[in-house]
2 protein chains.
Amino acid sequence: MTAQHTGGSGDARRALELLWGAEPRPRRGPKRGLSVQRVVSRAVELADEHGLESLTMRRVAESFGVTAMSLYSYVPSKDELVDLMVDRVAEPSAEPGPPGEHWRAGLERHARTSWRIYHRHPWVLEVSMGRPPLGPNVLAGLEARLTTVGGLGLSVEQQLAVINLVDDYVHGAATSLTGVALLERRTGLSAAQWWERYDPLLEEFVDFERYPALTAMWEELGPTEQRTDFEFGLQRVLDGVSTFVESSRETGT
Amino acid sequence: MTAQHTGGSGDARRALELLWGAEPRPRRGPKRGLSVQRVVSRAVELADEHGLESLTMRRVAESFGVTAMSLYSYVPSKDELVDLMVDRVAEPSAEPGPPGEHWRAGLERHARTSWRIYHRHPWVLEVSMGRPPLGPNVLAGLEARLTTVGGLGLSVEQQLAVINLVDDYVHGAATSLTGVALLERRTGLSAAQWWERYDPLLEEFVDFERYPALTAMWEELGPTEQRTDFEFGLQRVLDGVSTFVESSRETGT
DNA sequence: TTAAAACTCAATACAACGTAAGCAGTTTGG
DNA sequence: CCAAACTGCTTACGTTGTATTGAGTTTTAA
């Protein structure tokens with residue numbers, strides 16, 4: 001496994017051509033049996049269903065009845081394919097939000113959109129956004145965020161800080177929640193079954209007196225109950241931003 | 001690559017023995033050349049230096065001058081090794097914090113501790129904590145957090161929600177920041193070099209009028225400047241928690 | 001019209017991975 | 001003192017991404 005996503009260490013022009021769909025220039029050889037679009041769509045389906053770790057070139061190819069190497073005439077590498085997948089599922093259609101929308105409602109909307117994407121396509125969480133694929137949907141997502149925080153009298157740096165704060169929280173919360181489901185698939189063991197295995201053994205190793213608060217918690221809730229409450233966290237984060245925006249307005253800067 | 005960390009799909013008792021160091025029972029065969037401790041330490045060193053993706057059983061073994069298979073008499077699988085690594089670097093010594101510490105200072109301290117761990121051991125970010133290794137350090141970290149939010153008059157669910165909120169944000173922000181460095185290593189291209197490659201090509205593909213806010217931002221800052229400001233975000237998050245705690249006190253519940 | 005260039009897809013191959021199986025040699029409990 | 005238990009090596013298998021090669025197909029240029 002080379003890894004997920006190169007951030008375009010290959011041919012940058014080719015990468016952009018693929019992202020922006022500048023494909024159908026006339027080609028010379030035999031008719032192509034597939035298309036970049038279809039390959040990306042199928043790859044997204046497979047990743048949604050079986051996870052990024054079982055998304056292999058061979059499996060994508062097999063689902064079309066061709067060999068793995070055939071795909072390389074559509075996509076230069078697996079990493080570029082993943083980039084295309086990310087832009088495909090990012091903020092589809094990027095709804096602009098109602099005119100005159102309050103910034104808080106806007107941030108909430110963006111957060112929930114990301115949350116929904118992560119929920120439908122958990123594999124996106126495993127792809128680094130350090131160098132996002134510069135495709136239409138990814139850019140539209142950023143544009144929408146910037147528009148939302150644009151009218152608050154914040155500096156551009158502060159605008160980005162706010163956007164990153166919300167995005168980072170959503171990403172973290174989604175990772176946390178998704179991790180559980182991922183482990184259930186990878187191990188074939190539900191969270192409850194896992195706990196049943198470990199619970200009786202713990203007292204053999206753990207001196208509970210060293211962990212009184214933890215022990216109390218385990219007695220009150222099952223330890224399975226540690227659901228990340230996305231809504232709770234999101235409101236706290238937005239409250240924090242709110243405080244900042246208001247005090248920022250008072251100060252005049 | 002099987003993946004990172006099973007959450008103990010193997011022998012649970014053996015996993016706990018390893019985590020709690022219940023090792024040196026007398027053994028029959030030849031003297032062991034290594035020890036679980038040394039294997040874990042070396043694996044941490046290698047992962048720190050070259051990343052989790054280049055941490056292979058063969059490389060760990062090679063660094064000791066033994067074969068890959070030799071390691072399997074110390075550690076049942078690579079996934080279990082990763083679990084051991086996580087507990088090794090988690091909250092070392094778990095300082096209890098000054099007595100009478102304010103909850104906000106406590107949460108800040110925990111957040112910065114996590115931040116430091118992620119910074120020193122970025123590979124931890126890639127390991128799911130859906131089923132954390134139930135070792136002494138991981139448990140100590142949770143205990144410390146629970147203690148910090150214990151005296152606020154919150155329900156246990158609320159306490160966990162607050163802890164998860166902070167942890168999720170820190171995790172997200174660290175992932176974001178670390179992703180950049182990871183890509184620099186994987187591609188051999190610095191962020192600046194990457195941008196130099198894409199910037200001139202963008203106008204060929206992107207209709208900037210569709211992305212006015214984005215374009216304005218790119219003109220004001222280089223797009224390289226999108227540093228995640230951890231401190232800024234952390235203070236906003238804590239402000240949000242603060243608002244919640246206070247209004248929660250007023251309401252009486 | 002035809003030859004060459006450009007293309008598609010398949011077959012084969014390689015290095016790297018985690019780890020199973022088998023084995024030779026070492027230590028120790030009965 | 002010997003059989004059981006253990007260590008560490010060798011070999012091997014199935015999987016991964018992708019380089020290479022080659023055969024067959026379509027388009028372009030002469």
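Note on naming: letters A, B, ... go to the chains in the order of the sequence lines (proteins, then strands), and numbering restarts at 1 for each one.
Partners of A:Val206 by side chain to side chain contact (heavy atoms under 4.5 Å, CB included), not counting sequence neighbours, listed by chain and number: A:Leu202, A:Phe208, A:Tyr211, B:Trp20, B:Leu139. Every residue two or more places apart in sequence or in another chain was checked for a side chain to side chain contact (heavy atoms under 4.5 Å, CB included) with B:Glu196, and none qualifies. Residues that satisfy the salt bridge (charged side-chain N to carboxylate O under 4.0 Å, His left out) test with A:Arg32, not counting sequence neighbours, are A:Glu23. A search for side chain to side chain contact (heavy atoms under 4.5 Å, CB included) contacts involving A:Asp48 returns A:Val44, A:His121, A:Trp123, not counting sequence neighbours. Under the side chain to side chain contact (heavy atoms under 4.5 Å, CB included) criterion, B:Leu125 pairs with B:Tyr118, B:His171, B:Ala174, B:Thr175, B:Thr178, sequence neighbours left out.
Put simply, CZ on B:Phe64 is 14 Å from C1' on D:dG8, counting in whole angstrom units. In this entry the distance linking CG of B:Leu55 with P of C:dA16 reads 16 Å, nearest Å. Nucleotide D:dT16 holds its P atom 16 Å from the CG atom of A:Asp79, rounded to whole Å. Atom CE of B:Met69 and atom C1' of D:dC6 are 15 Å apart (whole Å). The CG atom of A:Leu34 sits 15 Å away from the C1' atom of C:dC7 (whole-angstrom rounding). Per the geometry, CG belonging to B:Leu52 stands 10 Å off P belonging to C:dG18, to the nearest Å. Put simply, CZ on A:Arg58 is 12 Å from C1' on D:dA19, counting in whole angstrom units.
Under 4.0 angstrom from either OP1 or OP2 of C:dA4 there lies no side-chain N or O belonging to A:Arg28. Distances shown here put a side-chain N or O of B:Arg59 below 4.0 Å from the OP1 or OP2 atom of C:dC17. Between B:Thr67 and the phosphate of D:dC9, there is a side-chain N or O to OP1/OP2 separation shorter than 4.0 Å. Phosphate contact (OP1/OP2 of D:dC6, side-chain N/O of B:Lys31, threshold under 4.0 Å): absent. A:Tyr74 has no side-chain polar atom (N or O) that falls below the 4.0 Å cut-off from OP1 or OP2 of C:dT8.
A heavy atom lying under 4.0 Å from DNA chain C marks none of the residues of residues 40-48 of chain A.
Evaluation of atom-type donor-acceptor distances gives no pair under 3.5 Å for the side chain of B:Arg32 against the base of D:dG8.
Checked by atom type, the side-chain pair A:Arg131/B:Thr187 shows a donor-acceptor distance below 3.5 Å.
The 5' end of DNA chain D is approached more closely, in terms of each residue's nearest nucleotide, by B:Pro30 than by the other of B:Pro30 and B:Ser70. Nearer to the 5' terminus of DNA chain C, by closest-nucleotide assignment, is the contact made by A:Val66 (compared with the other of A:Val66 and B:Met57).
Residue A:Tyr72 has its side chain nearest to D:dG17 when only D:dC6, D:dG17, D:dG8 are considered. Checking C:dG18, C:dC9, D:dG17 against the side-chain heavy atoms of A:Lys78 singles out D:dG17 as nearest.
Proximity of a side-chain donor or acceptor of A:Arg42 to a complementary backbone N or O of A:Val60 within less than 3.5 Å is not detected.
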